[in-house]
Asker: 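Questions regarding the structure given below will be posed in turn.
Lettering follows sequence order; numbering is per chain, from 1.
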Protein chains: 4
Amino acid sequence: MPEIKTRVTNQKLIRENRRKLINAVTKLFVEKGYDRTSMREISQKSGLTIGNIYNYIGKKEDLLFMVHDDMMEGVYEFDNIHTEWRNLNELRYYLKGAFVHTLEYKKEILLMYRQTWLLGEEALESLLAKEKVHILKLKGFLDEANKKGIAKIQDTEITANFIVYMISMLALRGWSLKGHKKSQGKLIDSLVSIIMKNLV
Amino acid sequence: MPEIKTRVTNQKLIRENRRKLINAVTKLFVEKGYDRTSMREISQKSGLTIGNIYNYIGKKEDLLFMVHDDMMEGVYEFDNIHTEWRNLNELRYYLKGAFVHTLEYKKEILLMYRQTWLLGEEALESLLAKEKVHILKLKGFLDEANKKGIAKIQDTEITANFIVYMISMLALRGWSLKGHKKSQGKLIDSLVSIIMKNLV
Amino acid sequence: MPEIKTRVTNQKLIRENRRKLINAVTKLFVEKGYDRTSMREISQKSGLTIGNIYNYIGKKEDLLFMVHDDMMEGVYEFDNIHTEWRNLNELRYYLKGAFVHTLEYKKEILLMYRQTWLLGEEALESLLAKEKVHILKLKGFLDEANKKGIAKIQDTEITANFIVYMISMLALRGWSLKGHKKSQGKLIDSLVSIIMKNLV
Amino acid sequence: MPEIKTRVTNQKLIRENRRKLINAVTKLFVEKGYDRTSMREISQKSGLTIGNIYNYIGKKEDLLFMVHDDMMEGVYEFDNIHTEWRNLNELRYYLKGAFVHTLEYKKEILLMYRQTWLLGEEALESLLAKEKVHILKLKGFLDEANKKGIAKIQDTEITANFIVYMISMLALRGWSLKGHKKSQGKLIDSLVSIIMKNLV
DNA sequence: TATGAATGAGCCTTCATTCAT
DNA sequence: CATGAATGAAGGCTCATTCAT
């Protein structure tokens with residue numbers, strides 16, 4: 001992970017101001033995108049002066065990394081807590097929860113898909129590493145389920161990818177399902193069913 | 001569809017130079033994104049002088065729309081030719097073809113997911129309308145398959161969306177499956193199987 | 001007078017197209033000013049293609065000269081017909097007419113005051129010469145009136161200037177007298193009275 | 001009055017740099033006109049970098065307003081000090097002074113007549129309001145003179161307008177009286193006489 | 001003569017970044 | 001640590017003018 005240069009040493013202040021920055025920047029990037037958000041706007045929204053912001057970052061791009069890093073935590077937070085399941089019913093329950101959680105983080109996920117690639121190679125790699133860990137964990141569960149005879153999955157790696165992707169689909173597909181007559185609940189049920197069919 | 005202003009009347013010239021523009025701009029937008037591509041670069045790559053470019057468009061954003069519109073055609077071109085299928089085997093064959101075709105348009109699809117939202121309301125609507133037509137067509141086939149007893153699909157609308165999305169997943173997932181040890185063929189087979197399981 | 005270069009030789013065509021040009025350009029310059037009127041607008045309004053316009057002028061500035069020259073004719077046309085007067089009553093009558101005429105050419109006069117100075121020295125001189133002739137003519141009448149004992153004017157040159165200027169004042173002052181509660185007729189009467197007081 | 005946007009908060013700096021801007025811009029606008037003066041020239045002449053200029057204004061047009069506003073102050077400054085007069089002799093003395101003052105501001109007045117109309121509605125209104133106040137003040141004095149029996153003016157409103165305009169005439173007429181053989185003193189005397197004749 | 005596409009310098013404005021205070 | 005004025009390169013876009021057809 002590329003270390004963001006900072007000249008600030010007072011630890012509490014650092015944390016506070018970085019939080020202010022991330023909150024402001026997340027909103028702005030979600031709303032207008034990285035390239036269309038100016039440092040002046042960030043300064044206004046965060047309450048830090050432009051000059052001071054540059055005490056916490058080396059260049060504007062660092063903000064993009066900061067915000068991604070922070071969002072990843074939120075997006076994957078659910079999985080860090082709830083990934084344990086012992087049978088298919090528990091998996092189904094887990095998936096529903098994951099979908100609901102995804103819908104809550106819809107904007108952030110969209111932001112990730114839209115803006116991450118603007119980061120340079122190095123920063124990008126480090127972010128993708130996190131996702132890979134998440135997928136591998138899921139694959140581990142699927143392998144185990146296969147072994148236990150609970151599931152009968154042909155290719156657990158592809159399936160793990162498929163599940164993770166299906167989940168984010170809810171967020172990404174937003175613009176196309178807009179005006180969809182189905183209720184959110186029914187939509188989630190359908191998607192969960194689709195996934196479940198592939199595990200047995 | 002938003003009419004793109006042009007000062008040129010010669011239809012042949014419009015066609016030729018807009019093609020030059022689209023070719024240049026597609027590469028540049030894929031590479032650097034819309035906001036980071038300058039009119040000067042576009043001028044160089046397209047071989048048209050800046051002033052002349054503005055004889056064919058009203059504003060830079062028109063290029064974004066043009067390139068999307070053009071890509072849509074490419075991406076959906078496959079479906080316009082091959083959507084007819086009469087049994088599940090033919091559907092499986094069609095899906096394989098669609099996946100292969102998608103991989104060819106990988107870059108363009110990525111571009112669409114990353115940059116489309118930058119478009120203004122009007123242009124956006126017009127593009128989404130096209131996609132909706134495509135999905136509705138697929139839904140029609142699924143409904144018919146249900147009626148004929150070939151398939152047994154619970155919610156054809158969600159399934160149609162699901163299929164379309166699965167297809168583009170191949171393109172979007174690029175960065176995550178990078179380094180994946182599976183061969184492309186095997187990957188496609190797995191994804192097709194996943195889809196097929198949901199139709200019976 | 002600086003000759004405007006022209007490559008066109010067919011005399012009738014020349015006259016027609018120059019008229020089209022002048023009419024279009026007068027309206028546009030009055031409305032938006034010289035610098036804010038583009039050749040494209042002139043082309044559209046006149047019905048001549050841009051390229052063809054350049055068969056009649058050497059550069060855009062020539063249009064400014066053309067339009068001034070043409071307007072001068074209109075503005076001073078009244079004086080060419082009506083300057084003869086034999087007593088103060090006839091002068092008073094003449095002045096009223098001049099004021100009314102001025103109001104009709106209000107826009108053109110404004111244009112002259114606002115845009116003439118954009119012309120280079122040479123063109124400017126030639127235009128001012130015309131006005132000087134007009135003033136001298138008026139001065140001649142005043143001198144004669146003095147000699148005849150009809151009037152008793154101290155400085156006929158300044159007075160002639162004063163009269164000419166008073167007349168154009170009606171046009172120039174437009175923006176300040178806007179919302180003036182007086183009727184136009186009464187305003188003219190007052191101004192004529194002011195002038196007349198200075199002749200006896 | 002349209003508030004001119006500024007990003008700078010330090011009042012002293014605002015005053016200093018706006019003054020630099022006005023000084024530079026007045027010269028340039030008088031010389032070449034608003035539309036023909038580029039921001040680059042303004043930057044050079046004022047000593048402020050282009051970017052910094054935009055810390056003190058919102059858009060180029062603001063400079064036109066600023067310079068007008070500033071000139072108004074100069075042009076009317078004389079009246080703010082000297083408008084008191086108790087008899088016709090004092091009025092005559094005041095008028096002479098006003099004429100001399102006007103000649104000093106010749107260039108500025110020309111600028112006003114030539115460029116004011118380029119301003120947008122809002123800015124224009126605010127400038128005309130200032131002039132109206134000035135004319136009304138003069139009208140007040142004339143009304144009072146009428147009441148006191150010092151003067152005998154038929155229409156004080158038109159007369160007030162007339163006087164104000166006669167004064168600026170000296171500036172506007174510059175190009176026409178150029179080469180005039182009269183001395184400036186004698187010219188002023190004549191114009192004052194013309195005005196005085198209309199007050200009794 | 002007439003056409004209108006092509007040229008490219010130049011316009012106004014914004015922006016990330018620096019640095020004296 | 002914090003401030004915010006200053007920098008100037010770079011951005012999108014317009015325009016008078018030319019010239020091959």
Asker: I'd like to compare against my own output: the B/S/- annotation of nucleotides 10-17 of chain F with a strict under-4.0 Å heavy-atom distance to protein.
Answerer: -SBBBBSB
Asker: Taking side-chain hydrogen bond (donor to acceptor under 3.5 Å, both in side chains) as the definition, give me every residue that meets it alongside D/Ser43, ordered by chain and number, with sequence neighbours left out.
Answerer: none
Asker: List for me each residue that meets salt bridge (Lys or Arg N to Asp or Glu O under 4.0 Å) alongside C/Arg40, sequence neighbours excluded, and say none if there are none.
Answerer: none
Asker: Sequence neighbours left out, what passes side-chain hydrogen bond (donor to acceptor under 3.5 Å, both in side chains) with D/Thr37? Give chain and number order.
Answerer: none
Asker: Tell me the side-chain hydrogen bond (donor to acceptor under 3.5 Å, both in side chains) pairs involving residues 44-57 of chain B, sequence neighbours left out?
Answerer: B/Arg7-B/Asn55, B/Asn17-B/Tyr56, B/Asn52-B/Asn55
Asker: Closer than 4.0 angstrom, basic N to acidic O: yes or no for C/Lys107 and C/Glu31?
Answerer: no
Asker: So, using salt bridge (Lys or Arg N to Asp or Glu O under 4.0 Å) as the criterion, who are the partners of C/Glu16 when residues are at least two apart?
Answerer: C/Lys12
Asker: Expressed in angstrom and rounded to an integer, what is the separation of A/Ile53 atom CD1 from E/dC19 atom P?
Answerer: 18 Å
Asker: With the threshold set at under 4.0 Å for non-hydrogen atoms, list the residues of residues 9-25 of chain B touching DNA chain E in residue-number order.
Answerer: B/Thr9, B/Asn10, B/Leu13, B/Asn17
Asker: Run the side-chain hydrogen bond (donor to acceptor under 3.5 Å, both in side chains) test against D/Thr6 and tell me which residues pass, sequence neighbours left out.
Answerer: none
Asker: Please list, one pair per line, the donor and acceptor atoms closer than 3.5 Å that link side chains of residues 20-28 of chain D to other protein atoms, with sequence neighbours excluded.
Answerer:
residue : atom : partner : partner atom : Å
D/Asn23 : OD1  : D/Arg19 : NH1          : 3.4
D/Thr26 : OG1  : D/Ile22 : O            : 2.6

Asker: Which residues pass the side-chain hydrogen bond (donor to acceptor under 3.5 Å, both in side chains) test with C/Glu73, not counting sequence neighbours?
Answerer: none
Asker: Please identify each residue that fulfils salt bridge (Lys or Arg N to Asp or Glu O under 4.0 Å) with B/Lys59, with sequence neighbours left out.
Answerer: B/Asp62
Asker: Check the distance between F/dG4's P and A/Ile42's CD1 and give it to me in whole angstrom.
Answerer: 17 Å
Asker: Pairs counted only when both distances fall under 3.5 Å, Watson-Crick or G-U: show me the 5' to 3' dot-bracket for DNA chain F, [ ] for pseudoknotted crossings and | for other-strand partners.
Answerer: .||||||||||||||||||||
Asker: Tell me whether the OP1 or OP2 atom of F/dA2 has a side-chain N or O from A/Tyr56 closer than 4.0 Å.
Answerer: yes
